[in-house]
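Only one structure is covered here, and it is reproduced in the block below.
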Amino acid sequence: MPTHSGRMTTLPPERARQADLEPHQARHIAESFGSDADRYDRARPRYPAALVERIVAASPGLDFLDVGCGTGIAARQLQAAGRRVLGVEPDARMADFARHSGVQTDVATFEDWDPRGRTFDAVVAGMAWHWVDPVAGAVKAARLLRPGGRLAVFWYVFQPPSEVGDAISAAYRRTLPDSPLVRGPMPSLDAYSAFFTKAADGIRRAGAFGDSEQWRFDWDRPYSRDEWLDVVPTSGGHSLLPPAKLAELAAGIGAAVDAVGGSFTMHYTAVVVTATRTGAG
């Protein structure tokens, strides 16, 4: 997300790389999210009900595995829909929060996790699959899924109104001119397309799934200034910033929101890359 970590990275794939590493090879970024698990769970947006309902309806049974479950945000939504969910999370701090929120969680990276003979009707990953090797992850998911089971990995991106996005981008450029966190336009769905492509390619290369599909969901969420500032430190790489720089950045972002009246509406888009386990492979 966790892993990996069930967590939203605000960086497109090329910005998540360091020294040309793929995201799943730069897990120190993923493993920074647990430094403030309470904030992460409080501030991160929930997944739209339509996304949860479609994954549940398309899965053949009740047993779900949540890869990189983080604090258990997606897992709790699936539990509320009547599923039995086991989480796998490499960050012990995030896993501890998930357990206390009612999600049984094992501490491990997905690739190294020992399922101890357990199998599942669905393997899901919310904002976490880019921290997993896409081919090895799909191969392992196939081994864990019962025939007809579903692999569903999903991400969301956010897009503020243009005047807010431009002002926030300017705050990043002023505060962090040499950081990979500096953005031009806020990351768009196209910026995340590499995640979707790599997930679909991993599924195809695993040789144990039917053709992959993509499902899209759009929704809006209003934010006050303080609500958005609560989200900012939970985004990829921000918790690694020196406290003074993070405070300076927050001041700039806060000023940008104040300039448009102290609140704005964020548009979110989620994409699910999904396929059904076949009898082959």
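Owing to the predicted nature of the structure, the values given are computational and were not obtained by experimental measurement.
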Exercise for review: State yes or no: do Tyr268 and Ile73 share one hydrophobic cluster built from I, L, V, M, F, W and Y residues joined by side-chain heavy-atom distances below 4.5 Å, directly or via other members?
Suggested key: yes
Practice item. For the residue pair Thr119 and Arg146, confirm or rule out a side-chain donor-acceptor distance under 3.5 Å. Key: yes
Exercise for review: Grab the two heavy atoms, one from Phe209 and one from Ala138, that are nearest each other, plus how far apart they are.
Suggested key: CE1-O, 3.5 Å
Exercise for review: Please name the pair of heavy atoms, one in Asp63 and one in Arg84, separated by the smallest distance, quoted to 0.1 Å.
Suggested key: OD1-NE, 2.7 Å
Check your understanding: Hey, are Arg76 and Asp41 close enough for a salt bridge, meaning a charged N less than 4.0 Å from a carboxylate O?
Key -> yes
Check your understanding: Under 4.0 Å between a Lys/Arg side-chain N and an Asp/Glu carboxylate O for Asp38 and Arg42?
Key -> no
Check your understanding: Can you check side-chain contact (heavy atoms from CB on, under 4.5 Å) on Leu51 and Gln77, steps first, answer last?
Key -> CA-CA 10 Å; Leu51 180 154; Gln77 291 185 259; over 6 Å; no
Calculate, to the nearest 0.5 Å, the distance between atoms [atom1] and [atom2] belonging to [X] and [Y] respectively.
X	Y	atom1	atom2	result
Phe217	Trp219	CZ	CH2	9.5 Å
Met266	Trp228	CE	CH2	3.5 Å
Asp91	Thr71	CG	OG1	10.5 Å
Leu86	Gln104	CG	CD	5.0 Å
Ile55	Phe64	CD1	CZ	7.5 Å
Ser193	Lys198	OG	NZ	10.0 Å

Side chain [X], main chain [Y], donor-acceptor under 3.5 Å:
X	Y	result
Thr197	Ala194	no
Arg39	Pro233	no
Asp121	Leu62	yes
Glu111	Asp133	yes
Gln79	Gly102	yes
Arg277	Ala142	yes

Exercise for review: May I ask you to check if Arg221 and Tyr223 form a cation-pi contact, with NZ or CZ under 6.0 angstrom from the six-membered ring centre and within 45° of the axis?
Suggested key: yes
Point to revise | Check against side-chain hydrogen bond (donor to acceptor under 3.5 Å, both in side chains), Thr234 and Arg44 | key: CA-CA 7 Å; Thr234 73; Arg44 282 300 183 94; 2.9 Å; yes
Review point. Taking Leu151 as the fixed residue, which of Thr274, Leu65, Leu144, Ile203 is the one that meets the side-chain contact (heavy atoms from CB on, under 4.5 Å) rule?
Key: Ile203
Revision key, fill the gap. Sorted by chain and residue number, the side-chain contact (heavy atoms from CB on, under 4.5 Å) partners of Ala200 (sequence neighbours excluded) come out as Ser212, Val273
Review point. Under the side-chain contact (heavy atoms from CB on, under 4.5 Å) test, which residues partner His100, sequence neighbours left out?
Key: Asp96
Study note, to complete from the structure: From the list Phe196, Phe195, Tyr192, ring pair (Phe, Tyr, Trp, His ring centres under 6.0 Å) with His130 holds only for Phe195
Review point. Heavy-atom count around Asp220 CG within 6.0 Å, excluding the residue itself: above 12?
Key: yes
Check your understanding: How are the rings of Phe110 and Trp129 set relative to one another: parallel (under 30°), tilted (30 to 60°) or perpendicular (over 60°)?
Key -> tilted
